[in-house]
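What you see below is based on every heavy atom in this structure, not just the backbone, and it leaves out hydrogens, waters and symmetry mates. All chains are named by letter (A, B, ...) in the order of the sequence lines, taking the proteins before the strands, and each is independently numbered beginning at 1.
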2 protein chains.
Amino acid sequence: MSNSSSADSPITVHLAYLLAQANREINRQLDARLRAEGVPVEQWRILKVLSDGNGRSMGDLAEAALLNHPTLTKTIDRMVADSLVYRISDPADRRKVLIFCSDRGKELAKRLAPLALGQEAHIAKNYGGKATAQLKRLLEDLIERAG
Amino acid sequence: MSNSSSADSPITVHLAYLLAQANREINRQLDARLRAEGVPVEQWRILKVLSDGNGRSMGDLAEAALLNHPTLTKTIDRMVADSLVYRISDPADRRKVLIFCSDRGKELAKRLAPLALGQEAHIAKNYGGKATAQLKRLLEDLIERAG
DNA sequence: CAAATATTGTTGAATTTTCAACAATTGAAG
DNA sequence: CTTCAATTGTTGAAAATTCAACAATATTTG
């Protein structure tokens, strides 16, 4: 509630800043919902990717969950300790480790999914379904052409 | 170069995820540019806010630089050690501490600004000026109605 | 095949962030 | 005025992240 634009500001706010700001806010909201189950957003992303039952290599998972490799390794360590996922060495390429979701992990994912959908719905309500769809499309394009 | 959508996917990708993904990528690019001067993105945000010469309280700065209070305190500690900013107790409210940009900090900000603008220009080129403007507007709306 | 190079994932140390508690100052209520 | 509550910022310990180096396996090249 500090600096709503006082007029059409001559100052250029960078896209990078707006993205960081929006991401921070939305992430904070999602975090608040997931807190009901005590699950950090990063773990939710991992569970969501794995909940289809397929195993993923650490590299693929890191990409999908938006985490660096060492961070993912340690996050998976924690999730293994919590019996949410498990590791299996990939028989086809023994450098790789495949991560699978345990039954416990799948159950948790099932409880988490509606929380995330709830946020999505909440945003669509406050912000408009059309604007949400448009924003999503623009973000997808940006990501695709980000290179 | 892994998972471009194989078709119009029936799976709903959450806005929260797209924002995180886009933010990660854009932030990474900005970071790569700022690395030329060895300055983390968070410090660049702080310098940009302060470079108009006005002092800001820790609270305001934390809001503007998208950082939690304790994180900001420690970041400012580092920047003070690097003589980029300095603290002055607010005479009007002695609970507050005002942060000011030093001359050295201003010079650094002046070297950093074109790097950030360069990224902005690069995005506009690859992604289109129209799409960029539209995305910015949508993000501003989202932030405003995020509550 | 052998050696050199690349890929994949983990580790330990260092850095950074976060959480909870705290100190100092201000504002509000009785 | 005095006490109680709220605001502002910092601190230390704990947790998480990152960086650089490494180990193991796979791939390429001579």
### Query
5'-most contact on DNA chain C: B/Pro91 or A/Arg35, nearest heavy atom basis?
A/Arg35
### Summary
Note: with side-chain heavy atoms under 4.5 Å as the link, the other cluster members for B/Leu117 come out as none
Identify each donor-acceptor pair in which a side-chain atom of residues 33-41 of chain A lies under 3.5 Å from a protein atom, sequence neighbours left out, and give them as a table.
from: A/Arg35; atom 1: NH2; to: A/Asp31; atom 2: OD2; distance (Å): 2.5
from: A/Glu37; atom 1: OE1; to: A/Arg111; atom 2: NE; distance (Å): 3.4
from: A/Glu37; atom 1: OE2; to: A/Arg111; atom 2: NE; distance (Å): 3.2

Name each donor-acceptor pair under 3.5 Å that joins a side chain in residues 69-86 of chain A to protein atoms two or more places apart or in another chain, with its distance.
from: A/Thr73; atom 1: OG1; to: A/His69; atom 2: O; distance (Å): 3.3
from: A/Thr75; atom 1: OG1; to: A/Thr71; atom 2: O; distance (Å): 2.9
from: A/Asp77; atom 1: OD1; to: A/Arg87; atom 2: NH2; distance (Å): 2.1

### Task
Heavy atoms under 4.0 Å is the rule here; annotate nucleotides 7-18 of chain D 5' to 3' with B where the base is hit, S where only the sugar-phosphate is, and - elsewhere.
BSSBBBB--SBB
### Query
Once you round it to whole Å, what is the distance between P of C/dT7 and CD of A/Glu63?
15 Å
### Task
Starting at atom CZ of A/Arg94, determine the distance to atom P of D/dA23, rounded to an integer number of angstrom.
18 Å
List the atom pairs, with distances to 0.1 Å, where a side-chain N or O of residues 124-140 of chain A and a protein N or O form a donor-acceptor pair under 3.5 Å, not counting sequence neighbours.
from: A/Asn126; atom 1: ND2; to: B/Gly147; atom 2: O; distance (Å): 3.4
from: A/Tyr127; atom 1: OH; to: B/Leu138; atom 2: O; distance (Å): 2.7
from: A/Thr132; atom 1: OG1; to: A/Gly128; atom 2: O; distance (Å): 2.7
from: A/Lys136; atom 1: NZ; to: A/Glu120; atom 2: OE2; distance (Å): 2.9
from: A/Lys136; atom 1: NZ; to: B/Val13; atom 2: O; distance (Å): 2.9

### Query
For B/Asn27, what residues pass the side-chain hydrogen bond (donor to acceptor under 3.5 Å, both in side chains) criterion, not counting sequence neighbours?
none
